[in-house]
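In what follows, a single structure is set out as structure tokens and then discussed.
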Amino acid sequence: MGIVSPGFQGRPRSAAPALPPGQYLTPDFPVLSAGPTPRVPTDGWEFVVTAEDGTERRWTWAELMALPQETPTVDIHCVTRWSKLGTSWQGVSLDTLLAGVDTTARYALVHSYGGYTTNLPLADLRDGRAWVAHGYDGRPLAAEHGGPARLLVPHLYFWKSAKWVRGIRLLADDRPGFWETAGYHDYGDPWREQRYQGD
Amino acid sequence: MAGPAGGGPLTWRVARLVERRVETPTAQTLVLAVPGWPGHLPGQHVDVRLTAADGYQAARSYSLAAPADGDRIALTVQRVPDGEVSPYLTDVYAEGDPVEVRGPVGGWFVWRTDEPAPVLLVAGGSGVVPLMAMIRARRAAGSRTPFRLVYSVRSPTDAIYADELRRRTRDDLGLDVAYVYTRAAPEGWRGEPHRIGLADLNTHGWPPDLEPRCYVCGPTGFVETVADLLVGLGHPTRRVRTERFGPTG
């Protein structure tokens, strides 16, 4: 327990659902990004998986749409402490995209249109836990939320769910991305409150 | 780029209120003494954590309003009517009382005093807070870097730091401040209240060929609008840094 601030009571918490530590619920969908929102047209859009030997698998927008689609409903948790429960998405499982990729890599560096990057263990993209999402709440994903397509990895803090996703590079060794280089946690598990380096 | 604390884990430190300044009817500046504070860059923020007597905790992020000054830090808190943390800080928190702070956090939305490029600051409401830290750091460093602030507020009484900005525009060479009023303009103001638009940024910003560094901070919709306008005017996206805050607090 921390130092008590006299007179601080906080909100009534009997009805509060189970949230990761330090999070609060919001009905809104806040937007956080480091620069202007990229406007990425779907014609010319592509998604590229690059294996550690340089082998590439590419999908156009039409090819992504032709893959088996899933509609995950998941809770999301932002490192800035908002959480949103039961969000509905449409997208393609990373299991589908990685199925034909021959790799022994243990890490993934995700990169985005606009230059953003984030890293995570490749295992965290497998087993039905990650998607390339292009729909939200039954509609195309809005640009400010990462449209036309973003990564969706709900079991990690949401900065790992890279907006405007463009590709994934598979790596033998871990390499920090944009916020990880700026002092945020390398892994980012909300349930262990891994916000910053050293948490 | 340095980590939030320049490396090493971030620890919670006990901070005590030493001074409170009323800025507007809804915004106050809290000056806290934080023994062991490691220093920070203008534009960085801190996490503030409150603990109730039963152990319940709530934490929020607040921008640092002033450059590093020993173990003193300044936060400007906008009171959110239904908020959990800000009403406590503005209405209940008393001099000498403890809170916990952790930081500094954020190594991207920062301005370093040795950067030579002209600077455009665009603030919406309490988004002026981290930008004011840059203006104050510029003054403290004796920097001549040309600065322009375009500050969108609902009405003159909502302008945070209004007196200081007036004084600095007079005394700090190379600092210009322009206001955009969205609801009520002061008497004698030329023009009608309006939301920020292309003409405001064209008139009061820098042309792209001067290669300014642009910092935009405010509510999400405001930042989206301004960042799109700046990109439309020809500013490369890599020179436009943004910080958005949502409606919750």
Side-chain angles (χ1 to χ4, degrees), chain A residues 1-14 16 19 21-39 78-84 113-116 142-145 159 164 176-186 193-199, chain B residues 1-12 14 47 49-61 84-85 88-89 91-94 97-100 102-109 216 220-221 223-224 226-228 230-231 235 237-248:
Chain A
M1 178 161 143
I3 303 291
V4 171
S5 294
F8 176 67
Q9 297 180 325
R11 289 209 170 101
R13 59 208 71 125
S14 53
L19 284 176
Q23 298 293 111
Y24 63 88
L25 272 184
T26 178
D28 307 310
F29 196 161
V31 174
L32 290 135
S33 7
T37 294
R39 309 289 162 176
C78 178
V79 70
T80 62
R81 301 178 184 277
W82 59 262
S83 287
K84 197 169 169 59
Y113 290 92
Y116 180 77
E144 65 265 31
H145 292 306
W159 88 80
W164 314 296
F178 178 84
W179 287 122
E180 296 81 9
T181 308
Y184 283 78
H185 197 274
D186 195 59
E193 219 175 346
Q194 292 173 334
R195 298 178 191 277
Y196 309 123
Q197 282 169 23
D199 280 349
Chain B
M1 199 182 300
L10 285 177
T11 52
W12 289 103
V14 178
D47 286 356
R49 182 167 75 181
L50 303 177
T51 302
D54 65 358
Y56 172 79
Q57 294 184 323
R60 298 290 185 276
S61 293
E84 182 175 34
V85 170
Y88 172 81
L89 292 175
D91 304 353
V92 182
Y93 187 45
D97 281 352
V99 295
E100 288 176 290
R102 188 185 196 210
V105 182
W108 174 249
F109 194 82
V216 187
T220 298
V223 172
E224 285 292 308
V226 172
D228 284 351
L230 290 173
V231 171
H235 296 274
T237 55
R238 68 176 183 284
R239 285 206 295 266
V240 180
R241 300 193 173 193
T242 60
E243 190 139 286
R244 300 157 166 89
F245 50 81
T248 51

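All of these numbers come straight from a predicted model, not from anything done at the bench. In what follows, chains carry the letters A, B, and so on, assigned in the order in which the sequence lines appear, proteins first and then strands, with residues in each chain numbered from 1.
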Measure across [X] and [Y] and return the closest heavy-atom pair with its distance rounded to 0.1 Å.
X        : Y        : result
B:Arg102 : A:Tyr196 : NH1-CD1, 3.3 Å
A:Ala34  : B:Trp108 : O-NE1, 3.0 Å
A:Pro6   : B:Pro98  : CD-CD, 3.7 Å

Notebook entry, point to check: Is chain A contacted by the side chain of B:Val231, its backbone, both, or neither, given a heavy-atom distance below 4.5 Å?
Noted result: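 For B:Val231, the contact with chain A is made by the side chain alone.
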Item checked: B:Val99 versus chain A, the contacting section by heavy-atom distance below 4.5 Å ->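 Answer is both: backbone and side chain atoms of B:Val99 are under 4.5 Å from chain A.
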Notebook entry, point to check: With the threshold set at 4.0 Å, does a side-chain nitrogen-carboxylate oxygen contact exist between A:Arg81 and B:Asp47?
Noted result: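 Looking at B:Asp47 together with A:Arg81, the answer is yes, because their closest N to O distance falls below 4.0 Å.
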Value rounded to 0.5 Å, distance of [atom1] in [X] from [atom2] in [Y]:
X       : Y       : atom1 : atom2 : value
A:Gln9  : B:Tyr88 : CD    : OH    : 10.0 Å
B:Glu84 : A:Phe8  : CD    : CZ    : 4.5 Å
A:Ser5  : B:Arg49 : OG    : CZ    : 10.0 Å

Item checked: chain A contacts, top residue of B:Ala53, B:Ala94, B:Ser61, B:Ala59 (heavy-atom pairs, under 4.5 Å) ->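 If we count pairs closer than 4.5 Å to chain A, B:Ala59 comes out on top.
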Note to self: Counting heavy-atom pairs under 4.5 Å with chain A, which one of B:Thr237, B:Leu230, B:Thr242 comes out on top?
What the structure shows: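 Maximum pair count with chain A is reached by B:Thr242.
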Check: Given a strict heavy-atom distance threshold of 4.5 Å, which part of A:Thr37 is in contact with chain B: side chain, backbone, both, or neither?
Finding: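 A:Thr37 touches chain B through backbone and side-chain heavy atoms alike.
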Next item on the list: Give a yes or no on whether the backbone of A:Gly2 and the side-chain of B:Trp12 come within a donor-acceptor separation of less than 3.5 Å.
Entry: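 No; zero donor-acceptor contacts below 3.5 Å.
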